[in-house]
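For reference, positions follow the sequence shown, starting with 1.
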Amino acid sequence: LFRSVQGVGVFGCKTTCYKAINTKNSVTYALRRIHGFRLSSARSLQRVEQWKKMNHPNVVSLREVFTTKHFGDHSLVFTHDYHPGAETLANHHFNLRSIQQGGPTPPSSMGGARSSHSFSSGTPSTSTTTSLLPENLIWTYCIQLTAAVKAIHEQGLAVRALDVTKILITGKTRLRLNCVGIMDVLTFNQTPGPGALLVRHQHEDLMALGHILLALACNSLAANRQDQLHKSLETITLSYSPDLKNLIV
């Protein structure tokens, strides 16, 4: 059993991720524990059954959700498939300083165009250059992400955790949406009905997808900041095809 403790992050609460082996079938799974969470109603697990039926090559499958007092509190545990050797999109393309402070990302090791713009947290500078990702790689990511989001929406669900820290890269360029189903359970009491906010959540997914593609195209998470948008769009216009620009914009 291996674990990785994480802060509040996307889910608004403390979580711990474990690598665990099922003693019955010897299969390895990824367990995400939600600290100090008590289910108020079994109805909150209804969406879990829908997620368990989701089978898509770009989505990490949700297998089981259970509660436990093993850790000395009321914990909620989500069981997802484990993909050895996977890393997050955040770790692969953006460093931790960029995520925490909105600062610039280091040059990518995958080559691509060069940009004279800097997306720093302070005053923008034109004296540094940032290596941009190849356009064909961005299209590869885009096709996979849109296919996954489309499949999820067609099942009457929403990702609700579409974030660079919750997208896994397996192999060279295969992307998988991770941590699906968690937000549906955590925010169950905040929703007035099973489908009342679905349209809103799906719209938020599309907005999040656009933000991710913009960050990838500029190789910086700061590209989504309001004060950087003009510079971001200029970078895309100068560095990529009109088709990619029109998709992101």
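Leu132 approaches Ser239 most closely through the heavy-atom pair CD1-OG, 3.3 Å. Contact detail for Ile248 and Gly210: the closest heavy-atom pair is CG2-O, 4.3 Å. Heavy-atom minimum distance, Leu247 versus Cys142: CD2-SG, 3.2 Å. The two residues Gly181 and Phe78 come nearest to each other via the heavy atoms O-CE2, 4.0 Å. Trp139 and Ser241 make their closest contact through NE1-OG, 4.5 Å (heavy atoms, listed as atom of the first residue, atom of the second, distance). When all heavy atoms of Thr88 and Val164 are compared, the pair lying nearest together is CB-O, 3.8 Å.
In this structure, the side chain of Gln144 engages the main chain of Thr173 through a donor-acceptor pair within 3.5 Å. Side-chain N or O atoms of Asp81 include none that pairs as donor or acceptor with a backbone N or O of Leu62 at under 3.5 Å. Here the side chain of Asn224 pairs a donor or acceptor atom with the backbone of His211 at under 3.5 angstrom. Side-chain N or O atoms of Arg43 include none that pairs as donor or acceptor with a backbone N or O of Phe188 at under 3.5 Å.
Put simply, the side chain of Arg33 reaches to within 4.5 Å of the side chain of Asp73, judged on heavy atoms. Looking at heavy atoms from C-beta onward, Thr67 lies out of side-chain contact with His74 at the 4.5 angstrom threshold. Under the 4.5 Å side-chain criterion, counting only non-hydrogen atoms from C-beta, Ile167 is in contact with Ile212. Under the 4.5 Å side-chain criterion, counting only non-hydrogen atoms from C-beta, Trp51 is not in contact with Val65. Under the 4.5 Å side-chain criterion, counting only non-hydrogen atoms from C-beta, Phe37 is in contact with Leu39. Val159 is not listed as a side-chain neighbour of Lys166, based on a closest heavy-atom distance of 4.5 Å or more. Considering only heavy atoms from C-beta on, Leu216 stays 4.5 Å or farther from Leu137 through its side chain. Residues Leu177 and Leu145 have side chains in contact (heavy-atom distance under 4.5 Å, counting atoms from C-beta outward).
Atom CG of residue Leu186 and atom CD1 of residue Ile34 lie 5.0 Å apart, to the nearest 0.5 angstrom. Between the NE2 atom of His153 and the NE2 atom of His201 there is a distance of 10.5 Å, given to the nearest 0.5 Å. Taking OG of Ser61 as the reference point, atom NZ of Lys52 lies at 11.5 Å (rounded to 0.5 Å). With rounding to the nearest 0.5 Å, the separation of OG1 in Thr235 from OH in Tyr240 is 9.0 Å. Expressed to the nearest 0.5 Å, how far CD1 of Ile152 lies from NZ of Lys150 amounts to 12.0 Å. For the atom pair CG of Asn178 and NE2 of His83, the computed distance is 8.0 Å after rounding to the nearest 0.5 Å.
At least one test fails for Arg63 against the ring of Tyr29: distance under 6.0 Å to the centre or angle within 45° of the axis.
Val59 and Leu168 are not part of a single hydrophobic cluster, where members link through side-chain heavy atoms under 4.5 Å apart. Residues Phe66 and Tyr18 are members of one and the same hydrophobic cluster, defined by side-chain heavy-atom contacts under 4.5 angstrom among Ile, Leu, Val, Met, Phe, Trp and Tyr. No chain of hydrophobic side-chain contacts below 4.5 Å, direct or via other Ile, Leu, Val, Met, Phe, Trp or Tyr residues, connects Leu133 to Leu233. In the hydrophobic clustering of this structure, Ile236 groups with Leu209; members are Ile, Leu, Val, Met, Phe, Trp, Tyr whose side-chain heavy atoms approach within less than 4.5 Å, directly or through other members. In the hydrophobic clustering of this structure, Leu175 groups with Leu244; members are Ile, Leu, Val, Met, Phe, Trp, Tyr whose side-chain heavy atoms approach within less than 4.5 Å, directly or through other members.
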Criterion side chain to side chain contact (heavy atoms under 4.5 Å, CB included) on Thr16 and Phe71, from CA distance to verdict: CA-CA 11 Å; Thr16 302; Phe71 301 98; over 6 Å; no

Side chain to side chain contact (heavy atoms under 4.5 Å, CB included) between Gln50 and Arg47, worked out: CA-CA 5 Å; Gln50 288 181 262; Arg47 285 292 176 92; 2.9 Å; yes

Worked check of side chain to side chain contact (heavy atoms under 4.5 Å, CB included) between Val48 and Glu64: CA-CA 8 Å; Val48 172; Glu64 184 183 2; over 6 Å; no

Stepwise side chain to side chain contact (heavy atoms under 4.5 Å, CB included) check, Val60 with Val180: CA-CA 7 Å; Val60 179; Val180 297; 5.9 Å; no

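Other residues, nucleotides and ligands place more than 12 heavy atoms under 6.0 Å from the CG atom of Asn246.
Checked for salt-bridge contact, Glu234 and Lys231 miss the test: no charged N lies under 4.0 Å from a carboxylate O. Taking a cutoff of 4.0 Å between a charged side-chain nitrogen and a carboxylate oxygen, Lys53 and Glu49 do not qualify as a salt bridge.
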